[in-house]
Amino acid sequence: MAFKVTVVGVGLVGETIVSCLKERHFPCEWPPRIAATRARSETMGNEVFGVEETSADVFRNADLVLFAGKEGARGASATWRETALQEGAFCIDNGRDFRLSPDVPLVVPEVNADALNAESRFIASPNCSTIQLVAALAPVHRAARIRRIIVAGYQSTSGWGLRGPEELRAQTPPALKSLDDIPYDPEVFPRPIAFNCIPQIEPFMDDDYTREELKLVYETRKILGDGDIQVSATCVRVPVFVGHGQAVWFETERPVSPDEVRGLMSDAAGVRVPDGPDLPYPTSLDVNRFPDDVLVGRIRRDISRENGIACWIVADNLRKGAALNVVQIAESLIQKGILKA
Ligand SMILES: NC(=O)c1ccc[n+]([C@@H]2O[C@H](COP(=O)([O-])OP(=O)(O)OC[C@H]3O[C@@H](n4cnc5c(N)ncnc54)[C@H](OP(=O)(O)O)[C@@H]3O)[C@@H](O)[C@H]2O)c1
C-alpha cells in the first residue's frame with residue numbers, strides 16, 4: 001500500500017523529510033506532493049521535484065500531511081491544519097503552535113509512542129533540543145525518576161531554518177578581516193554569529209527565559225508524563241552548521257552510578273554512547289557519522305549534588321531533531337495499525 005503524502009514546507013526540514021522518506025523506503029506514492037509559499041521546482045539529491053503553492057488542493061485525498069512550514073498565526077499548520085484534517089489526513093507538525101495543546105500528542109517514538117492513538121489525527125513533533133534531551137534521559141527517568149534537569153544548549157545555526165547557515169556563511173569572510181562591525185541581519189540572529197556565541201534563541205518570555213528555553217521545560221514534562229520535573233535551560237546559538245550540543249546536569253530520586261546511566265542509555269533505542277579511543281565523546285561534527293542517533297558522552301558523577309549526574313548530548317537537529325522524528329512518528333502510526341489502507 002502506497003500512502004498519499006503531502007509535505008508542506010521545503011526548507012531545511014522539509015527537504016530532509018523528503019530524503020528520510022526515500023532512504024527509509026516509506027510506503028508512499030513517489031514523488032510525494034510538496035508545497036511551499038510559491039510554486040517552482042527544487043532539486044533535492046539527484047531528483048527534481050515539483051513544488052506547488054500551498055492551497056486546499058495539495059491536501060486533497062492525502063492520507064498523511066507532514067508540516068514543515070514556518071510557525072505562528074500565518075504559518076503553515078495554523079493556516080492549513082483544518083483543511084488537511086477535513087480531508088481525513090493524519091497530520092504531523094514540526095512547529096511549536098500546537099505542541100502543548102492537551103489534545104495533541106507530542107511524540108518521540110522511542111520514548112512515548114503510547115501517546116499515539118486513532119483519535120488524535122494531529123500529532124506534534126517536539127522542538128529539536130527537547131527531542132535529543134528526552135531521548136537520552138527517558139531510560140534514566142524510567143529507572144530512577146529524574147527530579148531536576150539543568151541544561152545548557154549549544155545550538156547550531158540550521159536550527160533557525162535556511163537563513164541561519166546562510167548568515168554564518170556570509171558573515172565569515174568579513175569577520176576574518178575584522179571582528180568589528182560584522183554585517184548581520186537582526187531578523188535572523190540578534191547579534192553577529194560568526195566567531196560568536198549568542199545567549200538568546202527566540203524572544204524573551206516569562207522570568208527572563210527565552211521561548212526556546214521554556215520549550216525545554218514544558219515539552220520535557222509533557223513527553224515524560226511528569227509535571228513535577230524541574231527544568232532550567234540556557235540556550236545559546238553557536239557558529240556551527242548542524243548538530244546541537246547540550247551540557248546536562250540531572251538529579252534522580254534513586255541514586256544511580258555513571259556506569260548504570262551509561263548502560264541504561266546504551267540500551268535505549270536511538271541512543272549511542274561512544275566511548276572508544278577513536279571517539280571519546282561526540283561533537284557536533286560527529287552527527288555526519290551517526291546521523292540518526294542521539295549521541296551521549298562525558299557521563300560522570302556531578303560532584304556538586306547528591307544523586308547528580310552530568311553528561312553531554314549531541315544530535316542532528318534536522319534529522320532526529322525534526323525530519324527523522326516526524327517520519328518515525330508516521331512509521332509508528334503504521335506499525336500500530338492507526339494509519340492504514
Ligand atoms: N531547523 C530545525 O532544526 C528545526 C528543528 C525542529 C523543528 N523545526 C521546525 O520546522 C519548521 C520548518 O523549519 P525549517 O528549518 O525547515 O525552516 P526554513 O528552512 O526556513 O523553511 C521553511 C519552509 O516553510 C515554507 N513556508 C513558510 N510559511 C509557509 C506557509 N504559510 N505555508 C506553506 N509553506 C510555508 C517556506 O516556503 P518557501 O520555501 O516558499 O519560502 C519554506 O519552504 C519550523 O516550524 C521549525 O520551527 C525546525
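- The two residues I131 and P126 come nearest to each other via the heavy atoms CD1-O, 3.5 Å.
- Separating the CZ atom in F195 from the OG1 atom in T172 is a distance of 5.5 Å, to the nearest 0.5 Å.
- Pairing each heavy atom of S156 with each of H244, the nearest pair is N-ND1, 2.9 Å.
- No side-chain N or O of D103 forms a donor-acceptor pair with one of S120 less than 3.5 Å apart.
- The aromatic ring centres of Y209 and F204 sit 6.0 Å or more apart.
- With hydrogens and angles disregarded, a donor-acceptor distance shorter than 3.5 Å links the side chain of E87 to the backbone of N61.
- With sequence neighbours excluded, no residue forms a ring-ring contact (aromatic ring centres under 6.0 Å, His included) with F26.
- For the pair R81 and D97, the salt-bridge criterion is not met [side-chain N within less than 4.0 Å of a carboxylate O].
- A single hydrophobic cluster is not seen to contain both F290 and I313; linkage of ILVMFWY side chains at heavy-atom distances under 4.5 Å, directly or through other members, places them apart.
- Qualifying ring-ring contact (aromatic ring centres under 6.0 Å, His included) partners for Y154, counting only residues two or more places apart in sequence or in other chains: W312.
- Annotation for A315 and V287: closest pair C-CG1, 3.5 Å, computed over non-hydrogen atoms.
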Given side chain to side chain donor-acceptor pair (under 3.5 Å), test T252 with N307 step by step and report yes or no. CA-CA 6 Å; T252 52; N307 294 357; 4.7 Å; no
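- The ring-ring contact (aromatic ring centres under 6.0 Å, His included) test applied to W249 returns no partner, not counting sequence neighbours.
- Only one option out of R237, Q155, Q200 pairs with E212 in a side chain to side chain donor-acceptor pair (under 3.5 Å); it is Q155.
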Output a table of donor-acceptor pairs, distance under 3.5 Å, between side-chain atoms of residues 16-24 and any protein atom two or more places apart or on a different chain; print 'none' if there are none.
| from | atom 1 | to | atom 2 | distance (Å) |
| --- | --- | --- | --- | --- |
| T16 | OG1 | L12 | O | 2.6 |
| S19 | OG | T16 | O | 3.1 |
| K22 | NZ | E47 | OE1 | 2.6 |
| E23 | OE2 | R319 | NH1 | 3.3 |
| E23 | OE2 | R319 | NH2 | 2.4 |
| R24 | NE | E331 | OE1 | 3.4 |
| R24 | NE | E331 | OE2 | 2.9 |
| R24 | NH2 | E331 | OE1 | 2.8 |

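- The backbone N or O of T283 sits less than 3.5 Å from a side-chain atom of D286, completing a donor-acceptor pair.
- The pair R289-D278 counts as a salt bridge, with a side-chain nitrogen and a carboxylate oxygen less than 4.0 angstrom apart.
- Here Y281 is tied to no hydrophobic group at all, with no ILVMFWY side chain closer than 4.5 Å.
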Determine whether D302 and S304 satisfy the following criterion, side chain to side chain donor-acceptor pair (under 3.5 Å), listing intermediate values before the conclusion. CA-CA 5 Å; D302 175 355; S304 74; 2.7 Å; yes
Could you please spell out the steps behind the side chain to side chain donor-acceptor pair (under 3.5 Å) verdict for Q230 and E251? CA-CA 10 Å; Q230 299 302 303; E251 290 167 53; over 6 Å; no
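- Taking Ile, Leu, Val, Met, Phe, Trp and Tyr as members and joining any whose side-chain heavy atoms lie under 4.5 Å apart, directly or through other members, V48 forms no hydrophobic cluster with any other residue.
- In this structure, the separation between CD1 on I229 and NZ on K222 is 15.0 Å, given to the nearest 0.5 Å.
- One N or O on the side chain of E219 and one on the backbone of N127 form a donor-acceptor pair closer than 3.5 Å.
- Screening F59, F122, F67 for a ring-ring contact (aromatic ring centres under 6.0 Å, His included) with W80, the sole residue that qualifies is F59.
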